[in-house]
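Convention: sequence-line order gives letters A, B, ...; per-chain numbering from 1.
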Protein chains: 2
Amino acid sequence: MAGRQPRVGIVDVARRAGVSVGTVSKALNGRGQLRPETRDRVRAAAQELGFVPSAVAASLHSGRTYTVGLIMTDHHGRFSLPILHGAEDALGWDETLAFVCDTRDDPIREQHYVRSLARRRVDGIIVAGRRTEPRPPLAGAVTVPVVYAFARSADPADCSVVVDEEGGAALAVQHLLRTGRRRVAHVTGPHGHASVRARVNGTSRALREAGLELAGEPWYGGWSEVWGRFAAAALVREHPDVDAIFCGSDAIGRGVADGLRDSGRRVPEDIALVGVDNWLPTAEGCRPALTSVDLDLQQVGRRAGALLLAAIQRGGTEPGTHTVPCRLVVRASSAPAAG
Amino acid sequence: MAGRQPRVGIVDVARRAGVSVGTVSKALNGRGQLRPETRDRVRAAAQELGFVPSAVAASLHSGRTYTVGLIMTDHHGRFSLPILHGAEDALGWDETLAFVCDTRDDPIREQHYVRSLARRRVDGIIVAGRRTEPRPPLAGAVTVPVVYAFARSADPADCSVVVDEEGGAALAVQHLLRTGRRRVAHVTGPHGHASVRARVNGTSRALREAGLELAGEPWYGGWSEVWGRFAAAALVREHPDVDAIFCGSDAIGRGVADGLRDSGRRVPEDIALVGVDNWLPTAEGCRPALTSVDLDLQQVGRRAGALLLAAIQRGGTEPGTHTVPCRLVVRASSAPAAG
DNA sequence: TCCCTTGAGGAAAAGGTTTTCCGTCGCTAG
DNA sequence: CTAGCGACGGAAAACCTTTTCCTCAAGGGA
């Protein structure tokens with residue numbers, strides 16, 4: 001199909017409508033002073049000819065492309081796609097389109113993409129990180145506004161939007177306490193991870209505020225179900241009186257749920273569970289369905305998009321790290337204790 | 001940052017290097033006849049000035065934007081992201097950038113995106129479907145080549161790349177037979193789904209070729225773990241002698257695995273399991289890890305990208321449906337029966 | 001009656017490259 | 001000595017809109 005017909009341009013429309021090209025532009029964009037009848041005639045001509053104005057030419061003139069780059073580092077898109085959706089919402093999805101660039105964790109590739117985006121004159125760039133470790137800022141002289149989302153830039157002079165992970169952890173723990181739990185343990189990811197640290201802090205803080213403390217040390221491990229299963233078995237052996245476990249991820253949570261069942265503990269009757277990520281396939285596949293802290297990445301994306309838009313319009317981002325709160329999604333795994 | 005300095009253009013480079021703009025263009029693009037010394041001088045000037053050529057202006061001239069649209073309909077990106085990766089590989093990720101458009105399953109939105117892409121003069125469009133149901137072709141007069149990936153277009157005159165689902169099912173069954181299984185059952189998704197049908201067909205064919213037949217009817221249900229668990233329990237009751245189950249998805253497979261364990265059957269000792277999708281979080285989280293048919297979507301994307309590229313260069317796609325084979329990824333759930 | 005104002009639409013510049021077509025210079029060969 | 005050629009690089013058109021003046025005509029007020 002589409003046998004390379006020579007594109008119909010604004011001049012063709014002008015000829016057909018019997019007006020000048022300037023008039024066509026005005027008619028189609030609702031600018032200038034035109035008789036309604038002329039406007040209609042032009043619109044009709046454009047319609048009949050199937051005229052599609054070239055955003056390329058328009059960009060050349062206006063200097064704006066209504067285009068942004070989204071640099072993502074998680075190839076599965078679990079974090080970056082919600083961010084993209086939020087950003088689209090904020091930027092006006094019918095106005096601004098996004099180039100999605102998956103760096104595949106290769107700095108060289110990332111550099112390439114940044115250059116590519118610069119050449120294409122994107123209006124701005126959103127960098128969507130993976131886990132919330134601060135990341136090195138984009139290399140090279142970037143001449144457009146950049147907003148880092150989810151993973152903040154290591155340079156505090158950059159503009160970043162992050163999740164309030166500590167607050168999210170507190171939310172989880174407070175919920176567990178409200179359901180009557182008192183002996184809360186914490187099974188989480190690798191020691192040293194920024195988000196692991198934040199969650200430990202939030203957990204401790206919430207417990208302290210309630211006059212309690214963590215049951216044992218946090219259990220550091222991986223992000224996997226296997227680790228969750230293993231940790232659950234060990235945990236009930238070491239702390240048989242635990243009645244709630246806050247898990248650093250849904251995968252861990254699901255592993256813990258299985259591990260507890262294997263150890264003869266019932267969830268939530270004996271032990272309540274809360275995870276993090278609210279990742280539906282895992283949280284809802286869990287037995288029982290897993291209460292989870294939703295990082296609200298879409299909101300992160302919206303915020304990032306709004307900041308980027310402001311930066312584009314004003315020219316230049318204002319530095320600073322913006323924090324978005326988490327939400328708790330309650331499911332069966334944290335139903336109040338029977339007793 | 002980026003205090004809206006007036007962009008350095010090719011004329012600035014020309015002035016600095018003491019040559020004309022045409023010469024700068026030639027020097028930077030390695031075209032024309034230039035003294036090496038001139039070339040170097042220009043390159044140096046460009047470097048010093050931090051000149052970044054505008055792809056917008058270049059596109060305006062050449063008519064190509066080195067840009068494609070990727071229309072996706074699965075917001076989680078489980079299918080479309082691998083396709084995007086493959087497409088990038090084929091299109092040259094350092095040449096061509098992709099606008100990613102998530103329709104959120106809204107035809108209006110899709111239309112909007114198509115128009116948006118047309119205005120931006122993308123060189124082509126890839127439509128990445130969800131499950132492999134044929135989908136209605138893009139609405140409106142699309143003037144650039146379109147390739148449908150994963151879900152074929154309902155219009156056979158379009159160009160589509162799909163997975164050989166039937167072959168994939170056969171692969172799974174043949175593998176089960178090779179490990180010594182003889183009584184194979186099939187638990188799958190909703191009756192009527194194109195991919196469900198294809199997998200049933202592939203299953204029957206492979207069994208027939210081995211002189212066997214399916215143990216009972218296929219178990220139609222949903223794509224969820226819950227369905228898998230339920231089906232497993234019912235299945236062992238109704239067909240106690242089954243020694244292998246081919247599951248229509250990894251989620252189902254995982255549910256089946258759990259259901260079997262609950263029913264006191266061991267996987268793989270008593271019953272071997274194979275799933276479809278090779279979706280790591282599910283397949284590897286499964287106990288035991290689930291052997292799975294990998295749809296090789298990246299390959300689908302590569303193929304689609306290659307076809308699109310050819311169409312762009314020649315102007316117009318050649319119609320037809322292209323099929324990409326699946327791969328089997330063997331894990332613990334299908335180890336040979338002990339006996 | 002004449003000037004001014006307002007409404008409608010045209011002409012042309014601008015935006016940043018690429019590319020084609022020429023011109024010039026320095027040589028070489030006849 | 002001159003025609004001709006090769007090497008190098010400049011001038012300008014082309015790509016497609018948008019936007020800023022401008023012009024022209026008609027109508028209104030003094």
Report yes if at least one side-chain N or O of B/Thr23 is closer than 4.0 Å to OP1 or OP2 of D/dG9; otherwise report no. no
In terms of the nearest nucleotide of DNA chain C, which residue is placed more toward the 5' end: B/Lys26 or A/Pro36? A/Pro36
So A/Ser54, base contact, sugar-phosphate only, or nothing? Heavy-atom distance under 4.0 Å. sugar-phosphate
Please determine, for the side chain of B/Leu60, which listed nucleotide (C/dT19, D/dC16, D/dG10) has the closest atom? D/dC16
Here the distance between atom C1' of D/dG10 and atom CD1 of B/Ile10, to the nearest Å, is 13 Å
Kindly point out which of D/dA12, C/dA8, D/dG10 is positioned nearest to the side chain of A/Thr38? C/dA8
Under a 4.0 Å N-O cut-off, is there an ion pair linking B/Arg43 with B/Glu48? no
Please report the distance, rounded to the nearest Å, between CZ in B/Arg41 and P in D/dG9. 7 Å
What's the CZ-C1' distance between A/Arg35 and C/dG9, to the nearest Å? 9 Å
B/Arg39 has an atom CZ; how far is it from atom C1' of D/dA7, in whole Å? 12 Å
Looking at B/Asp105 and B/Arg130, does any basic side-chain N land under 4.0 Å from a carboxylate oxygen? yes
At under 4.0 Å between heavy atoms, what does A/Ser59 touch on the DNA or RNA strands: base, sugar-phosphate, or nothing? nothing
Tell me the closest heavy-atom pair linking B/Pro82 and B/Leu297, and the distance in Å. CB-CB, 3.8 Å
Round to a whole Å and report the spacing from CG of B/Asn29 to C1' of C/dG16. 13 Å
Are the charged groups of A/Asp123 and A/Arg64 less than 4.0 angstrom apart, N to O? yes
Closest to the B/Gln33 side chain, choosing from C/dT19, D/dC8, D/dC21: D/dC8
Let's see if you can work this out: which of C/dT18, D/dG9, C/dA11 has an atom nearest to the side-chain heavy atoms of B/Ala58? C/dT18
Report the nucleotide, chosen from D/dG10, C/dT19, C/dG10, that has the shortest atom-to-atom distance to any side-chain atom of B/Ser20. D/dG10
NA contact type, A/Gly9, heavy-atom cut-off 4.0 Å: base, sugar-phosphate, or nothing? sugar-phosphate
Which whole-number value in Å describes the distance from A/Leu34 CG to D/dT19 P? 14 Å
Report the nucleotide, chosen from D/dC8, D/dT17, C/dT19, that has the shortest atom-to-atom distance to any side-chain atom of B/His61. C/dT19
Report the distance from atom OH of B/Tyr66 to atom P of C/dT17, rounded to the nearest whole Å. 17 Å
A/Arg15 has an atom CZ; how far is it from atom P of C/dG10, in whole Å? 14 Å
Test: A/Glu110 and A/Arg104 ion pair at under 4.0 Å: no
